[in-house]
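First listed ligand is number 1; within each ligand, the first listed atom is number 1.
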Amino acid sequence: MEEKKPIIEVRDVAKVYGKNKALDGVKLDIYPGEFVILVGPSGAGKSTLVRLIIREEKPDSGKIRVAGRDITRLAPRELPYYRRNIGIVFQDYKLLPTRSVWENIAYALEVSDVSDEDIQRRIPRVLSAVNLSGKEKAYPDQLSGGEAQRVSIARALVNLPKILIADEPTGNLDPQASREVADILEKINCQGTTVLLATHNKDLVDRMRKRVVVMKQGRIVSDQNQGRYTC
Ligand code: ADP
């Protein structure tokens with residue numbers, strides 16, 4: 001069998017804030033097509049690791065390679081292109097309140113060289129993928145939390161990313177809406193996108209039966225079900 005290379009490779013990464021060791025010797029390999037759930041108590045370092053992988057910040061030491069590139073060396077002008085290949089979803093959706101659902105998603109295509117024709121084709125497709133066909137004209141304040149989060153997932157998908165990273169995406173959602181979000185992430189993963197999900201939501205972790213990486217005090221303390229593909 002052909003040996004796959006990791007799509008995300010974190011090596012001996014450390015990050016310190018003042019006296020706080022947010023990350024301390026973190027090593028993590030994520031392979032193409034995997035679904036990895038990152039868990040751990042508040043303050044364990046999950047969000048810091050996410051921020052380093054999306055290159056919002058740089059590690060103090062260690063290396064992070066994504067799709068074969070050392071992202072600690074990306075120049076500022078390369079960052080929009082780098083992030084375009086990663087879909088990012090946050091707890092608070094980060095939708096533009098004065099723009100419609102359609103405009104929020106189209107906005108994510110602005111740094112891309114996507115033709116108008118392609119935009120017209122892609123937006124209905126991603127809205128359908130998150131079960132929101134027909135909501136194009138709605139504004140964020142007309143959406144439930146679950147719908148708003150699904151719009152943010154659609155926006156993340158519209159650039160056809162190879163990796164989707166979700167940091168506590170169900171943090172503001174009730175159990176039903178959380179399950180809908182989880183089901184969508186699972187479906188996206190089964191269509192080939194690598195997913196990294198940082199969450200506190202124990203119900204989701206138990207239901208999803210994925211690889212679970214546990215962090216504590218800036219370290220990975222457990223990594224279960226490696227190599228499990230459940231699609
Ligand atoms: P988690 O996402 O698991 O809750 P974080 O990555 O947010 O954990 O935090 C890890 C540690 O780093 C905590 O001790 C937190 O207080 C600290 N930390 C994170 N970001 C910052 C920051 N911008 N400034 C200072 N300390 C921070």
Side-chain angles (χ1 to χ4, degrees), residues 6-30 34-66 70-74 76 79 82-83 86-95 145-146 148-149 152-153 155-156 161 163-175 177-179 181-182 184-185 189 194-226:
I7 190 161
I8 300 177
E9 218 179 320
V10 178
R11 281 286 173 283
D12 305 322
V13 161
K15 181 78 184 173
V16 178
Y17 295 105
K19 286 184 183 166
N20 253 346
K21 277 190 186 168
L23 296 176
D24 183 13
V26 171
K27 175 181 181 294
L28 178 65
D29 283 338
I30 297 176
E34 271 196 297
F35 193 124
V36 177
I37 307 184
L38 193 58
V39 301
S42 185
K46 305 180 296 295
S47 295
T48 303
L49 183 57
V50 165
R51 286 201 302 272
L52 296 184
I53 293 172
I54 66 180
R55 243 312 291 275
E56 258 184 27
E57 292 190 67
K58 287 190 190 183
D60 296 329
S61 58
K63 285 246 178 305
I64 302 178
R65 294 174 76 85
V66 177
D70 178 353
I71 62 155
T72 54
R73 290 164 187 258
L74 290 176
L79 290 182
Y82 169 65
R83 297 209 185 102
I86 307 178
I88 307 171
V89 174
F90 295 102
Q91 175 169 351
D92 59 357
Y93 329 131
K94 299 196 191 297
L95 300 177
Q149 189 57 292
S152 100
I153 295 171
R155 179 185 56 190
I163 303 170
L164 185 79
I165 299 183
D167 189 2
E168 209 67 68
T170 62
N172 294 338
L173 304 182
D174 63 36
S178 298
R179 281 180 203 146
V181 164
I184 287 164
L185 295 179
N189 173 245
T194 306
V195 176
L196 175 60
L197 164 64
T199 187
H200 270 113
N201 191 325
K202 194 167 181 316
D203 174 46
L204 285 196
V205 180
D206 292 343
R207 284 177 80 245
M208 291 181 89
R209 304 178 168 278
K210 304 294 184 191
R211 177 177 169 194
V212 178
V213 172
V214 184
M215 294 191 72
K216 208 172 174 183
Q217 296 184 330
R219 291 175 168 271
I220 290 174
V221 295
S222 154
D223 189 346
Q224 287 183 329
N225 300 331
Q226 283 183 66

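Protein heavy atom closest to atom 19 (C) of ligand 1, with residue, atom name and distance, is Y17 CE1, 3.5 Å. Taking atom 8 (O) of ligand 1 as the reference point, the nearest protein heavy-atom neighbour is G45 N, 3.1 Å.
Using a 4.0 Å cut-off between charged nitrogen and carboxylate oxygen, R51 and D167 do not count as a salt-bridge pair. A salt bridge links R211 to D223: one of the charged nitrogens lies within less than 4.0 Å of a carboxylate oxygen.
Checking side-chain atoms of K210 against main-chain N and O of V205 turns up no donor-acceptor pair under 3.5 Å. Remark: side-chain polar atoms of R155 are paired, donor with acceptor, to backbone N or O of Y93 under 3.5 angstrom. D60 contributes a side-chain N or O that, together with a main-chain N or O of V16, makes up a donor-acceptor pair within less than 3.5 Å. The closest donor-acceptor contact from the side chain of K63 to the backbone of D70 lies at 3.5 Å or more, if one exists at all.
Within a 6.0 Å sphere centred on CD of E57, other residues, nucleotides and ligands contribute more than 12 heavy atoms.
Within ligand 1, the atoms closer than 4.0 Å to a non-hydrogen atom of T48 are 5 (P), 6 (O), 9 (O), 10 (C), 19 (C), numbered from 1 in the order shown. Proximity to S47 (heavy-atom distance under 4.0 Å) selects the following atoms of ligand 1: 1 (P), 2 (O), 6 (O), 7 (O). Applying the 4.0 Å criterion to heavy atoms of P41 picks out, from ligand 1, the atoms 3 (O). Numbered from 1 in the order shown, with element, the atoms of ligand 1 that lie under 4.0 Å from a heavy atom of A44 read 1 (P), 3 (O), 8 (O). Applying the 4.0 Å criterion to heavy atoms of R51 picks out, from ligand 1, the atoms 19 (C), 20 (N).
Between V16, N20, L38, it is N20 that holds the heavy atom closest to atom 14 (O) of ligand 1. Atom 4 (O) of ligand 1 has its nearest heavy-atom neighbour, among G218, A22, G43, in G43.
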